[in-house]
Amino acid sequence: MGHIRNIEEIKAEVRRLAGKGKIFRRAKSADVESVLANLTNKDPDLWAAQWSRVARPYEQAGDEHERAGRFEEARAAYLQAYTYYATGRYPVPHSPGKMACLLKSLELYEKAGRYFVPALERVEIPYGDKKIPAYLRLRRDGSKHPTVINFGGIDGFKAEAFEYEEAMQRAGLNTCAIDMPGVGESPIKASTTAESLYSAVIDYLEQRSEVDAKKIAMAGRSFGGYWAAKMAFVEADRLRASVVWGGGVHYFFQETWLRESTNAESYLMDHDVARCMAFGVNTLDELAKIFPSMSLLTQGWLDKPSCPMLIVNGKEDLQTPIADLYILLEHGTPKSARVFPGGHMGHTPETVPTIINWLKKEMI
């Protein structure tokens with residue numbers, strides 16, 4: 001198992017990522033330094049309180065701009081406040097303070113969303129006796145449009161799809177953001193049968209007048225890539241395309257990889273907590289008993305027909321083995337793939353444009 005960072009190492013990594021990567025990519029250096037100066041230990045509620053402190057002035061500024069009719073400024077301020085509340089719940093809301101940050105982050109994202117183009121619509125999709133909260137951004141011009149269902153992984157909740165959805169919207173695609181099973185507001189935990197959640201989302205979108213029911217796609221990031229891969233098989237006839245971006249398929253779920261990749265150098269903190277929370281267990285030992293059954297090879301999916309699939313990852317990924325990209329290519333329907341330099345998800349300036357261009361080719 002990898003090295004568990006101490007508080008000083010966490011602070012150094014946050015400083016490195018500020019304005020560049022992960023949930024810290026929209027953070028401003030002065031705000032980050034203000035938080036780090038007050039982080040004296042790894043207590044999750046201290047973390048939450050400090051990020052909330054720097055969020056509040058932006059929240060207040062957003063309210064002032066909104067009252068004055070300065071809607072572009074309100075949108076920007078609300079997004080900045082959202083960024084810090086979301087950072088406060090990062091990676092997962094496993095304490096009271098972090099749960100409070102999650103709720104505030106959703107509130108602020110929805111406030112900002114009033115001024116997105118197209119505007120954000122929060123819906124609750126029927127799912128048995130439960131509901132699936134989703135963020136829709138649909139063109140309302142009387143036509144039906146191709147639509148992409150977006151979701152992240154164990155720590156990338158639905159609002160974190162924002163930048164990717166902005167790129168999709170510019171390409172002419174409607175978007176629908178949800179939480180993968182076991183995270184955020186998902187009504188169920190991750191399991192071998194949790195794909196039913198995604199089928200319910202497709203059912204709902206097919207009924208929306210703004211959606212072309214023949215052009216629904218999925219884009220799953222990190223652990224979400226697993227669900228994008230599984231759904232490409234499960235809903236091969238209803239999905240037009242699926243992007244598997246950094247997702248595990250088989251080797252990822254083996255106990256050896258689970259233990260080796262937890263606390264990978266590329267993950268900031270509490271990787272074990274985030275993975276366990278998604279499945280509703282408390283320890284890696286419990287998770288190790290469940291994990292192998294998630295393999296799509298073990299479940300018998302890989303040689304079945306699939307919708308068109310694009311598989312993307314970084315060559316040196318320490319969180320998801322690159323071998324899982326190749327095992328998808330070695331089975332079943334021929335697929336598209338792109339391996340980028342670097343680590344988890346292969347973030348480069350070309351990565352998102354590559355994904356968007358492939359989706360446009362398949363969808364428009």
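- Looking at Arg137, its side chain never comes within 3.5 Å of a backbone N or O of Phe116 through a donor-acceptor pair.
- In this structure a side-chain-to-backbone donor-acceptor pair under 3.5 Å is missing from Arg338 to Thr351.
- Looking only at distances, a side-chain donor or acceptor of Asp324 sits under 3.5 Å from a matching main-chain atom of His250.
- In the displayed structure, Asp237 atom CG is contacted under 6.0 Å by at most 12 heavy atoms of other residues, nucleotides or ligands.
- A donor-acceptor pair is defined here as one N or O able to donate and one able to accept, closer than 3.5 Å; such a pair exists between the side chain of Gln299 and the backbone of Ser293.
- By the 6.0 Å and 45° rule, Arg208 does not stack over the aromatic ring of Tyr204.
- Side chain to side chain, Lys28 and Gln80 fail the donor-acceptor criterion of an N or O pair below 3.5 Å.
- In this structure a side-chain-to-backbone donor-acceptor pair under 3.5 Å is present from Asp45 to Gly97.
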Before giving the answer on ring-ring contact (aromatic ring centres under 6.0 Å, His included), spell out for Phe162 and Tyr82 the whole-Å C-alpha distance, their side-chain angles and the decisive distance to 0.1 Å. CA-CA 11 Å; Phe162 174 68; Tyr82 154 74; 8.3 Å; no

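- Electrostatic pairing of Glu235 and Arg238 counts as a salt bridge here, judged by a charged N lying under 4.0 Å from a carboxylate O.
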Go through it in stages, so that I can follow the logic: the residues are Ile7 and Asn41, the test is side-chain contact (heavy atoms from CB on, under 4.5 Å), and I'd like the CA-CA distance, side-chain angles, deciding distance and then a yes or no. CA-CA 6 Å; Ile7 186 59; Asn41 59 57; 5.6 Å; no

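- Within a 6.0 Å sphere centred on NZ of Lys361, other residues, nucleotides and ligands contribute more than 12 heavy atoms.
- Inter-residue side-chain proximity for Gln254 and Leu258 is flagged as unmet; no heavy-atom pair is nearer than 4.5 Å.
- For the pair Tyr135/Glu121, no side-chain contact is recorded, criterion being any heavy-atom separation below 4.5 Å from C-beta on.
- When ring centroids are compared, Tyr85 and Tyr109 stay outside the 6.0 Å threshold.
- At a cut-off of 3.5 Å, with distance as the only test, a side-chain donor of Thr283 or Glu286 sits close to an acceptor on the other residue.
- Ile216 and Ile364 fall into different hydrophobic clusters, where Ile, Leu, Val, Met, Phe, Trp and Tyr are joined by side-chain heavy atoms under 4.5 Å apart, directly or via other members.
- Atom CD of Glu265 sits in a sparse spot, with 12 or fewer heavy atoms from other residues, nucleotides or ligands closer than 6.0 Å.
- Leu287 pairs in a side chain to side chain contact (heavy atoms under 4.5 Å, CB included) with only one of the listed residues (Thr262, Val281, Asp272, Asn282), which is Val281.
- By the ring pair (Phe, Tyr, Trp, His ring centres under 6.0 Å) test, Trp51 is found to be paired with Trp47, Tyr84, residues two or more places apart in sequence or in another chain being considered.
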How far apart are the C-alpha atoms of Arg259 and Asp285, what are their side-chain angles, what is the distance that settles it, and do they pass the salt bridge (charged side-chain N to carboxylate O under 4.0 Å, His left out) test? CA-CA 9 Å; Arg259 296 189 185 279; Asp285 288 340; 2.7 Å; yes

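- Here Leu310 contributes atom CG and Thr354 contributes atom OG1; the two are 8.0 Å apart, rounded to the nearest 0.5 Å.
- Salt-bridge check for Lys111 with Glu66: failed, with every basic side-chain N at 4.0 Å or more from each acidic carboxylate O.
- Applying the side-chain hydrogen bond (donor to acceptor under 3.5 Å, both in side chains) test between Ser261 and each of Arg275, Gln319, His271 identifies Arg275 as the sole match.
- Checked by atom type and distance alone, the side chain of Asn38 pairs as donor or acceptor with a backbone atom of Ser34 at under 3.5 Å.
- Side-chain contact between Ile311 and Lys335 is present, with heavy atoms from C-beta onward closer than 4.5 Å.
- Residue Tyr326 qualifies as open at atom OH: its count of foreign heavy atoms under 6.0 Å is 12 or below.
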Apply side-chain contact (heavy atoms from CB on, under 4.5 Å) to Val92 and Asp270, showing your working. CA-CA 8 Å; Val92 286; Asp270 296 334; 5.7 Å; no

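- Residues Glu110 and Tyr78 have side chains that never bring a donor and an acceptor to within less than 3.5 angstrom of each other.
- Between the side chains of Glu210 and Asn174, no donor-acceptor pair of N or O atoms lies under 3.5 Å.
- Follow the hydrophobic side-chain contacts under 4.5 Å out from Phe340 and you never reach Leu329; the two are in separate clusters.
- Ser242 places no side-chain N or O within 3.5 Å of a backbone atom of Ala232 that could act as its donor or acceptor partner.
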Chi angles and distances behind the side-chain contact (heavy atoms from CB on, under 4.5 Å) call for Arg15, Leu36: CA-CA 8 Å; Arg15 193 172 277 121; Leu36 298 184; 3.6 Å; yes

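- Checked for salt-bridge contact, Glu362 and Lys215 miss the test: no charged N lies under 4.0 Å from a carboxylate O.
- Remark: Lys189 NZ is packed, more than 12 non-hydrogen atoms of other residues, nucleotides or ligands lying under 6.0 Å away.
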One pair to check against salt bridge (charged side-chain N to carboxylate O under 4.0 Å, His left out): Glu59 and Arg56. What are the steps and the verdict? CA-CA 5 Å; Glu59 180 179 2; Arg56 281 191 284 273; over 6 Å; no

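- Residues Glu163 and Arg26 are in side-chain contact: their nearest non-hydrogen atoms beyond the backbone lie under 4.5 Å apart.
- Within a 6.0 Å radius of NZ in Lys289, other residues, nucleotides and ligands contribute 12 heavy atoms or fewer.
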Could you give me the CA-CA distance, side-chain angles and deciding distance for Asp317 and Thr320, then say whether side-chain contact (heavy atoms from CB on, under 4.5 Å) is met? CA-CA 6 Å; Asp317 193 344; Thr320 303; 3.4 Å; yes

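- With respect to the salt-bridge test (charged N to carboxylate O, under 4.0 angstrom), the residues Glu13 and Lys22 do not qualify.
- Side-chain N or O atoms of Arg240 include one that pairs as donor or acceptor with a backbone N or O of Lys214 at under 3.5 Å.
- Counting heavy atoms from C-beta outward, Lys98 and Pro91 have side chains that approach closer than 4.5 Å.
- Connection of Met345 to Val249 is not established within any shared hydrophobic cluster, with ILVMFWY side chains joined at heavy-atom distances below 4.5 Å, either directly or through further cluster members.
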Could you list the donor-acceptor pairs under 3.5 angstrom formed between side-chain atoms of residues 151-158 and any protein atom two or more places apart in sequence or on another chain?
from   : atom 1 : to     : atom 2 : distance (Å)
Asp155 : OD2    : Tyr267 : OH     : 2.5
Lys158 : NZ     : Asp179 : OD2    : 2.8
Lys158 : NZ     : Glu185 : OE1    : 2.7

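- The aromatic rings of Phe223 and Phe253 stand perpendicular to each other, their planes meeting at an angle above 60°, with 30° marking the opposite boundary.
- Annotation: side chain of Tyr226 is not in contact with side chain of Met180 (no heavy-atom distance under 4.5 Å).
- Judged by distance alone, the side chain of Thr147 and the main-chain N or O of His145 form a donor-acceptor pair under 3.5 Å.
- At a threshold of 4.5 Å between non-hydrogen side-chain atoms, the residues Leu39 and Gln50 count as touching.
- No donor-acceptor contact under 3.5 angstrom links the side chains of Thr83 and Tyr58, judged on distance only.
- Ring centroids of Trp245 and His347 are separated by less than 6.0 Å, placing the two rings close together.
- In this structure, Phe291 and Phe252 have tilted ring planes: the angle between them lies in the 30° to 60° band.
- You'll find the side chain of Val32 reaches within 4.5 Å of the side chain of Val14, heavy atoms only.
- Here Glu160 does not pair with Arg221 in a salt bridge; the nearest charged N to carboxylate O distance is not below 4.0 Å.
- Taking a 6.0 Å sphere around NZ of Lys304, one finds it holds 12 or fewer heavy atoms contributed by other residues, nucleotides or ligands.
- In this structure a side-chain-to-backbone donor-acceptor pair under 3.5 Å is present from Asn6 to Glu9.
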